[in-house]
Amino acid sequence: MLATRTLLSKQTLATLSRQPVCFVHHGDYGNWGNTNVAVVFSGCGWWDGTDVHEAVYAMYHLSRNGARFQMFAPNQQQMHVMDHMKKKAASGENRSMMVESARFSHGQGTMQMQDLSKLDVNSFDAVIFPGGYGITNNLSTFTKDGKDCKLQNDVERVLKDFHRSRKPIGLASMAPVLACRVLPGIEVTMGHEQDDTSRWGNWPNTHMVQAVKSMGARHTVREPYEAYVDEKNKVVSTPTFMWETEYHYHYIFDGIGNMVKHVMRMSTK
């Protein structure tokens, strides 16, 4: 019996040693499962909610770096519903941000997606806002009011709470618009400050860069695969899909990854 147990133990160790690194990965920062991150959504889809790629990449990198995460969205109606094929608003449709965002929850519903009004800063180590036009249409009035926009009440509360608590805030593509509006003097990147079109892609939303600068933020030029870190305010931003590209999505993946790694790093301080 003892010999059998010894053999099984050796076989188990041998099996574990052959597993890919991710099987026993503890993340580049912090300890496995001890960092809890809130991820805020605004719907599902680039044109009327949260961009699918940015959201999924954020959750992948959080998981890869050993974090737990909880998804949140306002329990309110979207500004409109977009036909993503025609890039036009669909007539006669109304959808809830929270219900649409639950599409990201892999069928776990309210276990993984919760009303943003329930987000308590004391329960989390960091917060991340993936991008998409839900930032400017649903989480704020930027589409209508530009630099003078108002934020959805809970979005403003969450940003101020995390900033006041010295907990990191991660922002992708358009999301710096939110933080810059209510956290004066922060430093962010939204990519290039002019549309430097190339055969690889272009920068069609540079007016948003000018808007955040008008809000009092300091803007730094970065590429879509990079992240910029405001160490003083614990704000990490990445341009990602502010850069429009047909198929170079690996740059977006890398940009989100760099943002998440810095958020994780600062959450352990």
**Item:** Verdict with supporting geometry, V37 and V260, side chain to side chain contact (heavy atoms under 4.5 Å, CB included)
**Value:** CA-CA 10 Å; V37 180; V260 167; over 6 Å; no
**Prompt:** Okay, side chain of Q152, backbone of D154: is any donor-acceptor separation there less than 3.5 Å?
**Reply:** yes
**Asked** About how many Å separate CD of Q76 and CG of N153, when rounded to the nearest 0.5 Å?
**Response** 7.5 Å
**Message:** Would you say that S173 contacts W46 through its side chain, given a criterion of any heavy-atom pair below 4.5 Å between the two side chains?
**Reply:** yes
**Item:** Check: D51 and P130 side chains under 4.5 Å, non-hydrogen atoms
**Value:** no
**Message:** Tell me the closest heavy-atom pair linking R222 and E226, and the distance in Å.
**Reply:** CD-OE1, 3.4 Å
**Request:** Look only at the side chain of H192 and the backbone of M242, and say whether a donor-acceptor pair between them is shorter than 3.5 Å.
**Result:** no
**Message:** Quick one: does any side-chain atom of S96 pair with a main-chain N or O of N75 as donor and acceptor, under 3.5 Å?
**Reply:** no
**Prompt:** Rounded to the nearest 0.5 Å, how far apart are OG of S267 and CG of N65?
**Reply:** 10.0 Å
**Prompt:** So which heavy atom on L171 is nearest to which on A179, and how close?
**Reply:** CD1-CB, 3.7 Å
**Message:** Please tell me whether Y57 and V39 are part of a single hydrophobic cluster in this structure, the criterion being side-chain heavy atoms less than 4.5 Å apart.
**Reply:** yes
**Asked** Step by step, would you call V188 with V235 a side chain to side chain contact (heavy atoms under 4.5 Å, CB included)?
**Response** CA-CA 7 Å; V188 298; V235 174; 4.3 Å; yes
**Asked** Roughly how far apart are C44 SG and Q78 CD, rounded to 0.5 Å?
**Response** 9.0 Å
**Message:** Can a donor-acceptor pair be found, under 3.5 Å and without considering hydrogens, that links the side chain of S237 to the backbone of T189?
**Reply:** yes
**Prompt:** Under a single-linkage definition using a 4.5 Å side-chain heavy-atom cutoff for Ile, Leu, Val, Met, Phe, Trp and Tyr, are Y228 and V263 assigned to the same hydrophobic cluster?
**Reply:** no
**Item:** Spacing of CE belonging to M97 relative to CD belonging to Q77, to within rounding of 0.5 Å
**Value:** 8.0 Å
**Item:** Nearest atoms (heavy-atom pairs only) where G185 meets N233
**Value:** O-ND2, 4.3 Å
**Message:** Do I252 and W47 sit in one hydrophobic cluster, given that two such residues count as connected whenever their side-chain heavy atoms are within less than 4.5 Å of each other, even indirectly?
**Reply:** yes
**Asked** Distance-only, no hydrogens or angles: does the S165 side chain make a donor-acceptor pair with backbone N or O of K167 under 3.5 Å?
**Response** no
**Prompt:** Which atom pair, heavy atoms only, marks the closest approach of E231 to R166?
**Reply:** O-NH2, 4.2 Å
**Request:** Compare all side-chain heavy atoms of I256 with those of T240 and state whether any distance is below 4.5 angstrom.
**Result:** yes
**Message:** Grouping I, L, V, M, F, W and Y whenever their side-chain heavy atoms are under 4.5 Å apart, do V52 and M98 come out in a common cluster?
**Reply:** yes
**Request:** Taking all heavy atoms of F162 and all of D125, pick out the closest pair and write down the distance.
**Result:** CE2-C, 4.5 Å
**Request:** Answer whether the closest heavy-atom distance between the side chains of R164 and V121 falls below 4.5 Å.
**Result:** no
**Request:** Mark yes or no for whether E187, through its side chain, and D230, through its backbone, hold a donor-acceptor pair below 3.5 Å.
**Result:** no
**Request:** Take atom CG of D148 as the centre, draw a 6.0 Å sphere, and report whether it contains more than 12 heavy atoms from other residues, nucleotides or ligands.
**Result:** yes
**Message:** Using a 3.5 Å distance criterion without hydrogens, assess whether the side chain of D196 forms a donor-acceptor pair with backbone atoms of W203.
**Reply:** no
**Message:** To the nearest 0.5 Å, what is the distance between NZ on K234 and CE on M266?
**Reply:** 7.0 Å
**Prompt:** Under the side chain to side chain contact (heavy atoms under 4.5 Å, CB included) criterion, do H163 and V182 qualify, and how do the steps go?
**Reply:** CA-CA 10 Å; H163 186 253; V182 296; over 6 Å; no
**Request:** Identify the residue among F69, F104, F129 that makes a ring-ring contact (aromatic ring centres under 6.0 Å, His included) with F41.
**Result:** F104
**Request:** To the nearest 0.5 Å, tell me how far K118 NZ sits from Q70 CD.
**Result:** 10.0 Å
**Message:** Tell me whether M264 shares a hydrophobic cluster with V127, the cluster being built from Ile, Leu, Val, Met, Phe, Trp, Tyr side chains joined at under 4.5 Å.
**Reply:** yes
**Asked** Considering all heavy atoms of both residues, which atom of M259 and which atom of A172 are nearest to each other, and what is their separation?
**Response** CE-CB, 4.4 Å
**Message:** Taking the side chain as everything from C-beta on, heavy atoms only, tell me whether L183 gets closer than 4.5 Å to I169.
**Reply:** yes
**Item:** Side-chain donor/acceptor of R181 to backbone N/O of C149, under 3.5 Å
**Value:** yes
**Asked** If we only count heavy atoms from C-beta on, is the H248 to W243 side-chain gap below 4.5 Å?
**Response** yes
**Request:** Tell me whether the centres of the aromatic rings in F124 and F72 are closer together than 6.0 Å.
**Result:** yes
When the side chains of residues 204-214 are checked against the rest of the protein, which donor-acceptor pairs come out under 3.5 Å, sequence neighbours left out?
{"unit_1": "N205", "atom_1": "OD1", "unit_2": "Y133", "atom_2": "OH", "d": "3.3"}
{"unit_1": "K213", "atom_1": "NZ", "unit_2": "E193", "atom_2": "OE1", "d": "3.3"}
{"unit_1": "S214", "atom_1": "OG", "unit_2": "Q210", "atom_2": "O", "d": "3.0"}

**Asked** Does T50 reach the main-chain N or O of S42 with its side chain, forming a donor-acceptor pair under 3.5 Å?
**Response** yes
**Message:** Show, in sequence, the C-alpha distance, side-chain angles and deciding distance for H61 and R64, and conclude whether the side-chain hydrogen bond (donor to acceptor under 3.5 Å, both in side chains) test is met.
**Reply:** CA-CA 5 Å; H61 283 292; R64 190 69 180 84; over 6 Å; no
**Item:** pair L62-I128: side-chain heavy atoms closer than 4.5 Å
**Value:** yes
**Request:** Kindly say whether T136 contributes a backbone atom to a donor-acceptor pair with the side chain of T143 at under 3.5 angstrom?
**Result:** yes
**Message:** Please verify the inter-ring angle class for Y249 with H53; under 30° counts as parallel, over 60° as perpendicular, anything in between as tilted.
**Reply:** perpendicular
**Message:** Would you say that L139 contacts L178 through its side chain, given a criterion of any heavy-atom pair below 4.5 Å between the two side chains?
**Reply:** yes
**Derivation and outcome, ring-ring contact (aromatic ring centres under 6.0 Å, His included), residues F241 and Y251** = CA-CA 9 Å; F241 273 126; Y251 288 140; over 10 Å; no
